[in-house]
Amino acid sequence: MTASTNLQDPNLYINRELSWLEFNERVLEEAWDKSNPLMERLKFLAISASNLDEFFMVRVSSLLHSENLSPDASGLTPAAQLAAISRRVHEMVTRQYSCFTRSLLPAMEKENIRFLSYKKLSENQKDHVDSYFRDVLYQVLTPMAIDQSRPFPALTNRTVNIFIELAADKPAEAKYAVVPVPTVVPRIVKLPAQADAEKSWDYILLENIILAHIEELFLGNTVTQTALLRITRNSDLHIDEEDADDLLDEMARSVRGRRWGDPVRIEVSKGIGRQAVKLLEKALELDESCLYEINGPLDFTAWLSFAALPDFAHLRNNPIPPRPAPSFVNCDNMFDVIKKRDVLVHHPYMSFDCVVRFVQEAAADSGVLAIKMTLYRVSGQSPIIKALIQAAENGKQVSVLVELKARFDEENNINWARVMEKSGVHVIYGLIGLKTHCKVCLVVRREDDAIRRYMHLGTGNYNEATAKFYTDVGLFTCRETLGQDASVLFNVLTGYSKTTDWKKFAVAPVTLRPTFLSLIEQERKNAADGKAAAITARMNSLSDKEMIQALYQASQAGVKIRLLVRGICCLKPGIEGVSDNITVSSIVDRYLEHSRIFIFENAGKPRIYLSSADWMGRNLDRRVEVLFPIEDEVLCGELTSILETSLSDNIKRRSMNPDGTYGKQSRRGLAAIQSQIEHHRHVAESYAAATKEVFSLRM
């Protein structure tokens with residue numbers, strides 16, 4: 001292909017949903033990878049299942065209810081996408097259960113971790129289970145008959161249930177019932193050790209205890225067949241913000257109703273009778289493409305907490321504790337450090353404590369007049385919110401924009417918003433029709449009769465819990481131009497101010513897209529003029545068609561483009577004459593790659609930016625996002641080093657092929673490089689140099 005190639009050609013694009021499924025396949029590959037410790041493999045399996053749950057609740061549900069029947073950039077209509085998704089997910093589920101039954105369960109048995117059926121319990125274990133059923137479970141179980149007077153029950157989203165067929169009076173007929181497996185008791189039940197066994201851990205699944213005693217719930221009836229059943233429901237929220245009298249109350253009502261959304265997937269035990277399947281499909285108004293027959297226990301997400309049990313620490317990665325940010329060790333006041341120089345922090349290799357401390361110091365500092373902050377996802381026990389409340393109680397002006405529409409964190413954000421409002425914090429809920437996704441904390445401080453603005457600008461959420469396993473970067477600065485932009489941003493978010501006159505920021509949904517396109521176009525022009533031209537970018541997802549076309553055009557002009565895209569990538573690299581100058585890599589490792597870093601070569605004078613935004617339509621057009629420059633040369637070098645280390649990874653990095661599949665790197669003749677471990681090593685060395693401690697890094 002040449003520069004005259006039709007860039008509208010659907011063959012140049014990968015469907016977004018199928019690309020996401022390829023990402024989940026990479027997660028599942030980590031569960032198969034025997035170089036990972038056993039419980040890490042089990043964790044990756046659980047994550048792949050949790051990912052699929054969310055995929056169905058949000059993406060598949062949107063396709064099922066889509067009113068737009070036109071094809072996407074790859075040429076697939078919603079119906080064609082659903083058909084392709086069904087085929088691909090059925091393959092993936094088969095691989096999940098093959099991994100569990102053929103690889104993980106035998107490996108656990110070698111470690112004396114056993115999951116037993118009721119029939120294989122010892123006598124003392126049976127006595128224990130029988131007592132547990134009689135004394136606990138029987139009291140909370142609720143059998144629900146299904147007949148003309150009692151229609152199919154509204155089963156809660158993503159819960160495990162037992163579907164039961166009972167013999168009827170007439171041979172040609174059958175009776176059915178459902179027993180929800182209770183969620184108020186543990187799903188994985190620990191058993192007493194067998195008397196003659198060596199040290200071992202024996203377990204039984206809760207549903208197997210119930211199944212062993214199922215006829216006790218239907219006295220006078222004969223149970224002819226049982227199957228496990230799990231329903232996934234539409235969980236996307238659609239709020240009419242224009243007509244909502246109280247957005248907070250409207251969001252709270254919608255979140256409560258999420259458990260009862262329309263069904264989008266049925267999971268049942270393999271071997272269930274066809275008559276029962278027809279009943280389920282009719283009752284739930286789904287066809288067979290939405291039904292998944294499972295050869296094993298339903299709901300692998302339950303294994304996430306099991307893999308984290310203290311008994312199995314020897315079967316997990318050795319934890320590598322984060323180091324304190326070297327720039328702030330031995331300092332009494334963070335503002336004194338930031339006043340002298342910009343500071344870059346890299347999580348989770350550096351502790352998130354410095355971000356918490358920044359807000360806490362601002363709350364207690366007598367010179368601080370105001371704190372303004374955006375919050376997208378925060379933890380349930382957020383020390384940052386507690387510091388903001390303390391600041392308000394200390395008489396400071398505290399304004400916080402809480403994004404109520406942060407998917408699956410809505411309830412937590414609603415609760416915190418109410419707590420802050422009662423404590424005197426000015427809480428704002430953002431702009432109608434837009435999610436506020438940018439990560440900005442602005443502190444206004446009086447110093448020597450002057451006002452100085454201090455900021456933290458980041459790529460990730462103000463959440464100290466997820467900061468332990470999300471990789472993100474952040475900037476502490478008091479640069480005046482960035483401070484001016486931050487002040488204007490909050491005026492836009494909290495009032496009626498409108499501006500496109502930013503000093504340094506590019507802000508979605510107005511100036512971010514044109515800024516990115518301009519930067520890419522400049523690289524294309526530089527390449528055409530024989531100047532140094534290259535783009536290196538890291539992000540979570542790349543799906544926006546206009547951005548992809550701009551990258552294709554830059555590649556055709558000779559721009560060398562290296563992309564690190566963790567998840568969705570709808571661009572096809574390596575197509576002759578179109579994208580043969582583009583490479584795409586993805587890293588799946590112990591931490592979730594989450595940072596957004598952009599480097600444009602700019603004819604030998606690189607421009608480096610950080611952002612909260614991916615190259616997706618939602619980030620560029622339907623969210624408030626911020627792109628900001630890194631202007632300190634030392635920090636530019638650090639960010640360049642971070643990307644180069646990631647691109648040199650030959651353990652956990654996979655390269656994308658033109659067809660959308662991925663393959664691991666060849667290590668022939670090369671020393672092993674695992675970028676996340678190397679980032680830890682670099683931070684540990686920097687911390688050792690700052691504190692004069694003896695360097696060590698326990699793997």
K.L.:
With the threshold set at 4.0 Å, does a side-chain nitrogen-carboxylate oxygen contact exist between Arg607 and Glu601?
P.N.:
no
K.L.:
Does a side-chain N-to-carboxylate-O contact under 4.0 Å join Asp614 and Arg596?
P.N.:
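Looking at Asp614 and Arg596, the cut-off is met.
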K.L.:
Say whether Glu678 and Thr645, considering side chains only, have a donor N or O and an acceptor N or O under 3.5 Å apart.
P.N.:
no
K.L.:
Closer than 4.0 angstrom, basic N to acidic O: yes or no for Arg41 and Asp33?
P.N.:
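Asp33 and Arg41: not salt-bridged.
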K.L.:
Enter the distance from Ile608:CD1 to Asp632:CG here, rounded to the nearest 0.5 Å.
P.N.:
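Output value for this atom pair is 10.5 Å.
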K.L.:
Decide yes or no for Leu571 and Ile14: does some side-chain heavy atom of the first lie under 4.5 Å from some side-chain heavy atom of the second?
P.N.:
no
K.L.:
Assess the side chains of Asp472 and Thr459: does a donor N or O sit below 3.5 Å from an acceptor N or O?
P.N.:
yes
K.L.:
Between atom CZ of Arg590 and atom OG1 of Thr471, what is the distance when rounded to the nearest 0.5 Å?
P.N.:
13.5 Å
K.L.:
Could you go step by step and tell me if His456 and Phe358 meet the ring pair (Phe, Tyr, Trp, His ring centres under 6.0 Å) rule?
P.N.:
CA-CA 8 Å; His456 174 270; Phe358 179 67; 7.0 Å; no
K.L.:
Could you tell me whether the side chain of Ile651 reaches within less than 4.5 Å of the side chain of Ile673, counting heavy atoms only?
P.N.:
no
K.L.:
Less than 6.0 Å separating the ring centroids of Trp303 and Phe100?
P.N.:
yes
K.L.:
Looking at the rings of Trp615 and Phe598, which for Trp means the six-membered one, are their centres under 6.0 Å apart?
P.N.:
yes
K.L.:
Please tell me if the side chains of Leu620 and Met547 come closer than 4.5 Å, counting only heavy atoms from C-beta onward.
P.N.:
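They are in side-chain contact.
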K.L.:
Which pair of non-hydrogen atoms, one from Thr477 and one from Asp342, has the smallest distance, and what is that distance?
P.N.:
OG1-OD1, 2.8 Å
K.L.:
Does the side chain of Ser103 come within less than 4.5 Å of Trp32's, by heavy atoms?
P.N.:
yes
K.L.:
Backbone N or O of Asp649 within a donor-acceptor pair of the Arg653 side chain at under 3.5 Å?
P.N.:
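Side chain of Arg653 to backbone of Asp649: a pair is present.
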K.L.:
Flag the pair Lys652 and Glu30 as a salt bridge only when some basic side-chain nitrogen lies within less than 4.0 angstrom of an acidic carboxylate oxygen.
P.N.:
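Glu30 and Lys652: salt-bridged.
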K.L.:
How long is the straight-line distance from CD1 of Ile599 back to CD1 of Ile630, given to the nearest 0.5 Å?
P.N.:
10.5 Å
K.L.:
Could you tell me which non-hydrogen atom of Glu523 sits nearest to which non-hydrogen atom of Ala534, and how far apart they are?
P.N.:
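Taking Glu523 first and Ala534 second, the nearest heavy atoms are OE1-N, 3.0 Å.
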K.L.:
Are the charged groups of Glu40 and Lys43 less than 4.0 angstrom apart, N to O?
P.N.:
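So Glu40 pairs with Lys43 through a salt bridge.
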K.L.:
Hey, is Asp621 close enough to Arg513 for a salt bridge, meaning N to O under 4.0 Å?
P.N.:
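Yes, Asp621 and Arg513 are salt-bridged.
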K.L.:
State whether Lys435 and Glu403 are salt-bridged, where the test is any N-O pair (Lys NZ or Arg NE/NH1/NH2 against Asp/Glu carboxylate O) under 4.0 Å.
P.N.:
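Salt bridge flag = no for Glu403 with Lys435.
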K.L.:
Any chance you could measure Lys531, atom NZ, to Asn526, atom CG, to the nearest 0.5 Å?
P.N.:
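The distance works out to 5.5 Å.
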K.L.:
Apply the test side-chain hydrogen bond (donor to acceptor under 3.5 Å, both in side chains) to residues Gln676 and Glu593: give CA-CA distance (whole Å), side-chain angles for both, the deciding distance (0.1 Å), then the verdict.
P.N.:
CA-CA 9 Å; Gln676 292 190 354; Glu593 297 285 334; 2.7 Å; yes
K.L.:
Rounded at 0.5 Å granularity, tell me how far CG in Leu12 sits from CG in Asn6.
P.N.:
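Reported to 0.5 Å precision, the distance equals 7.5 Å.
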K.L.:
Quick check: closest heavy atoms across Ser543 and Gly617, and the distance to 0.1 Å?
P.N.:
OG-N, 4.5 Å
K.L.:
Where do Ile520 and Ala550 come nearest, in terms of heavy atoms and distance?
P.N.:
CG2-O, 3.6 Å
K.L.:
Quick check: Tyr349 with Tyr591 (ring centres under 6.0 Å apart)?
P.N.:
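Under 6.0 Å, so yes.
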K.L.:
Step by step, would you call Leu489 with Cys438 a side chain to side chain contact (heavy atoms under 4.5 Å, CB included)?
P.N.:
CA-CA 10 Å; Leu489 175 69; Cys438 55; 4.2 Å; yes
K.L.:
Should we count CD of Gln8 as having more than 12 external heavy atoms under 6.0 Å?
P.N.:
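Yes, because the 6.0 Å sphere around CD of Gln8 holds more than 12 heavy atoms from other groups.
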K.L.:
Less than 4.5 Å apart, any side-chain heavy atom of Tyr552 and any of Ile582?
P.N.:
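A side-chain contact exists here, since the closest heavy-atom pair is under 4.5 Å.
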K.L.:
Between Arg88 and Glu25, does any side-chain N to carboxylate O distance fall below 4.0 Å?
P.N.:
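Yes, this pair counts.
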K.L.:
Quick one, Ser555 and Asp580 - any side-chain contact, counting heavy atoms below 4.5 Å?
P.N.:
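Side chain of Ser555 against side chain of Asp580, heavy atoms only: contact under 4.5 Å found.
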K.L.:
Show your reasoning for whether side chain to side chain contact (heavy atoms under 4.5 Å, CB included) applies to Phe505 and Leu457.
P.N.:
CA-CA 11 Å; Phe505 283 3; Leu457 308 169; 4.1 Å; yes
K.L.:
Determine whether the aromatic ring centres of residues Tyr376 and Tyr462 are separated by less than 6.0 angstrom.
P.N.:
no
